[in-house]
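In what follows, a structure is listed as structure tokens, so that the remarks can point back to it.
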Amino acid sequence: MIMSNIIFHIDVNNAFLSWSAVELLNKGSKVDIREECAVIAGDETKRCGVVLARSIEAKKKGVITGESLFNARRKCSNLKVYPPNHDLYEKMSGKLFELISEFTSDVEIVSIDECYVDYGKVKNLYGNEIMFAYKLKNIIKQKLGFTVNIGIANNKLCAKMASNFSKPDKVHTLYEDEIKDKMWILPIDELYGVGEKTSEKLKVININTIGDLANFKPNELYKYFKKQTTKMIDMANGIDNSIMKYDEVCQKGISHSTTLERDLIEKEELYKILQSIAEKITMALRGQNKYTYVVAVILRDKFFNNYTHQTKLKNATDMPDEIFQISKRLFNEMWNLEPIRLIGIRVDQLVSKDNYQLSIFEDFKEREKQSKLEKIITKLKEKYGNNVIIKASLVRRNGKK
DNA sequence: TCTGGGGTCCTAGGACCC
DNA sequence: TCTGGGGTCCTAGGACCC
């Protein structure tokens with residue numbers, strides 16, 4: 001018999017809002033903002049007024065994460081709005097993962113407020129997974145003051161889907177034989193990886209639930225989704241072979257962007273902002289002991305059109321002025337003079353400084369080898385004439401057509 | 001005073017090479 | 001003379017997630 005995996009997905013309920021609630025209570029506040037119709041949202045005067053997290057009451061009124069406060073207020077006239085506190089969230093996140101790691105080190109952190117646990121590895125120690133999940137969620141609530149959902153399944157995808165069932169403070173399972181009853185009945189946009197655009201397309205061909213997708217003819221679906229088809233149908237069937245990633249995976253890129261308080265067309269002002277962003281990027285790069293090979297500038301104009309323009313460098317860098325000068329050039333090449341709402345820089349293809357030094361060294365060794373070879377060829381030519389050695393690449397080129 | 005910021009992954013098209 | 005094909009790299013944009 002094949003031992004199947006047991007994976008937990010642990011997800012903080014309304015993380016930012018819960019964490020702010022705990023902090024306010026600790027500071028002596030009499031109200032628990034989780035009980036109000038409340039949201040955590042950015043500053044409207046800085047044009048960052050979007051909902052980052054909402055309470056259950058706000059959710060009931062139809063408030064969605066990511067929507068403007070303007071819209072949210074229309075749905076809920078007595079909406080309470082609290083500012084985000086990212087330092088606090090980092091701290092609370094750290095406490096959560098620290099607590100979980102007291103039980104097991106087989107943890108994959110996927111974002112500030114969620115992780116996977118390979119429970120199969122510790123089942124011998126703690127016993128039945130459902131019992132343990134209840135225990136763990138209660139310990140978190142008791143020690144840290146906020147609630148989590150735990151999804152239990154045989155793979156990461158199903159665990160993730162399970163933790164998303166009813167909330168808050170719940171444990172759910174989604175084993176293989178439960179997929180039909182628990183997952184297929186859900187609307188298609190609740191499938192992980194199916195967002196707004198894909199679900200719109202799916203609804204056009206009458207796929208409205210996850211079950212509809214799971215049972216759709218693959219070759220029919222192929223007409224619309226090409227290479228993505230197999231993956232989509234697999235996911236609707238709860239099939240996922242992705243493995244746990246325990247090691248901290250190297251970050252691929254770093255970006256910084258800012259929405260301006262008003263739309264700007266003044267070049268010099270935009271340069272100044274670009275420069276300060278370049279400095280922040282540099283700090284982040286140096287913090288990770290990395291250089292970058294790719295610099296990109298990101299723009300959003302007043303019409304909400306997004307543009308990016310990037311370039312690959314010959315030599316990786318972490319120099320603020322170099323990154324700024326490149327960004328300035330990219331900006332000038334790209335900007336169509338429309339007023340700018342958002343400006344940013346992204347760096348990509350990062351390389352650790354240690355590896356980079358090594359590659360320069362390798363390069364150097366290669367060049368040295370090359371120059372030795374050139375010297376030998378010169379000597380041979382002196383002795384036997386010019387035709388004695390013809391580079392392979394030249395032979396190939398001359399021999400062709 | 002409607003629409004954040006930081007990520008990842010995928011795709012398509014063009015350039016270029018063999 | 002009539003228009004290969006496979007591979008890789010690079011860029012821009014889109015979609016999605018938290």
Side-chain angles (χ1 to χ4, degrees), chain A residues 9 11-12 14-17 39-54 64-75 81 83-84 86 89-90 93 109-115 157 160 163-164 189-201 225-229 231-232 235 242 245 249-263 277 280-281 284 293-314 330 333-334 341-350 392-401:
Chain A
H9 181 256
D11 195 32
V12 179
N14 309 323
F16 287 4
L17 190 112
V39 295
I40 303 294
D43 185 347
E44 279 172 301
T45 63
K46 293 190 171 137
R47 305 202 297 181
C48 293
V50 293
V51 174
L52 302 172
R54 79 258 205 251
I64 317 166
T65 303
E67 81 177 320
S68 64
L69 269 179
F70 181 85
N71 270 347
R73 281 207 187 85
R74 289 202 300 202
K75 295 174 179 173
V81 181
H86 293 285
Y89 304 153
E90 292 288 338
S93 170
I109 296 171
V110 276
S111 76
I112 194 164
D113 70 338
E114 56 176 327
C115 66
L157 171 68
K160 168 97 186 160
S163 72
N164 211 25
D189 53 359
E190 288 194 26
L191 181 61
Y192 182 74
V194 174
E196 199 188 337
K197 303 287 173 184
T198 308
S199 68
E200 270 172 25
K201 279 204 223 167
F225 293 97
K226 304 289 176 224
K227 282 160 79 177
Q228 300 167 54
T229 305
K231 175 118 206 243
M232 282 171 68
M235 288 176 84
S242 66
K245 293 175 199 140
V249 188
C250 255
Q251 203 180 325
K252 303 274 167 65
I254 298 169
S255 72
H256 265 293
S257 62
T258 180
T259 293
L260 309 170
E261 289 187 29
R262 62 177 178 90
D263 298 333
I277 293 172
K280 280 184 192 147
I281 289 274
Y293 269 112
V294 174
V295 176
V297 170
I298 306 157
L299 292 183
R300 174 177 293 158
D301 68 21
K302 65 180 286 199
F303 307 108
F304 252 76
N305 297 312
N306 299 312
Y307 305 89
T308 66
H309 188 37
Q310 70 181 63
T311 189
K312 175 146 192 184
L313 314 178
K314 274 215 172 66
L330 290 169
E333 285 169 2
M334 164 170 57
R341 179 188 176 92
L342 169 146
I343 188 166
I345 299 175
R346 192 188 69 246
V347 291
D348 246 323
Q349 290 187 30
L350 309 185
S393 58
L394 289 180
V395 172
R396 164 98 169 118
R397 230 171 244 171
N398 295 341
K400 197 189 170 190
K401 289 186 184 169

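Just so we're on the same page: letters track the sequence lines, and every chain starts at 1.
Contacts with DNA chain C (heavy atom under 4.0 Å) in residues 192-199 of chain A: A/Tyr192, A/Gly193, A/Val194, A/Gly195, A/Glu196, A/Lys197, A/Thr198, listed by number.
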*asked:* As a check on the pairing definition, encode DNA chain B in dot-bracket form, counting Watson-Crick and G-U wobble pairs whose two distances are under 3.5 Å, and using | for partners outside this strand.
replied: ....||||||||||||||
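In this structure, A/Arg300 reaches the B/dG4 phosphate: one of its side-chain N or O atoms is under 4.0 Å from OP1 or OP2.
Counting to the nearest Å, the P atom of C/dC16 and the CG atom of A/Leu191 are 11 Å from each other.
Across all strands shown, A/Arg346 has no heavy atoms under 4.0 Å from either base or sugar-phosphate atoms. Counting non-hydrogen atoms under 4.0 angstrom, A/Ile112 reaches nothing in the nucleic acid. Counting any heavy atom pair closer than 4.0 Å across all strands shown, A/Lys302 reaches no nucleic acid atom. Here A/Ser111 lies in heavy-atom contact (under 4.0 Å) with sugar-phosphate atoms only. Within the 4.0 angstrom heavy-atom criterion, only backbone atoms of the sugar-phosphate kind lie near A/Asp113; the bases stay farther away. Residue A/Gly344 is out of contact with every strand shown, counting any heavy-atom pair closer than 4.0 Å.
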Look for any protein N or O under 3.5 Å of an N or O in nucleotides 9-13 of chain B and output each such pair with its distance, or none.
unit_1	atom_1	unit_2	atom_2	d
B/dC9	OP2	A/Lys252	NZ	3.0

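Comparing the same atom, P, in C/dC18 and in B/dT3 gives a spacing of 23 Å after rounding to whole Å.
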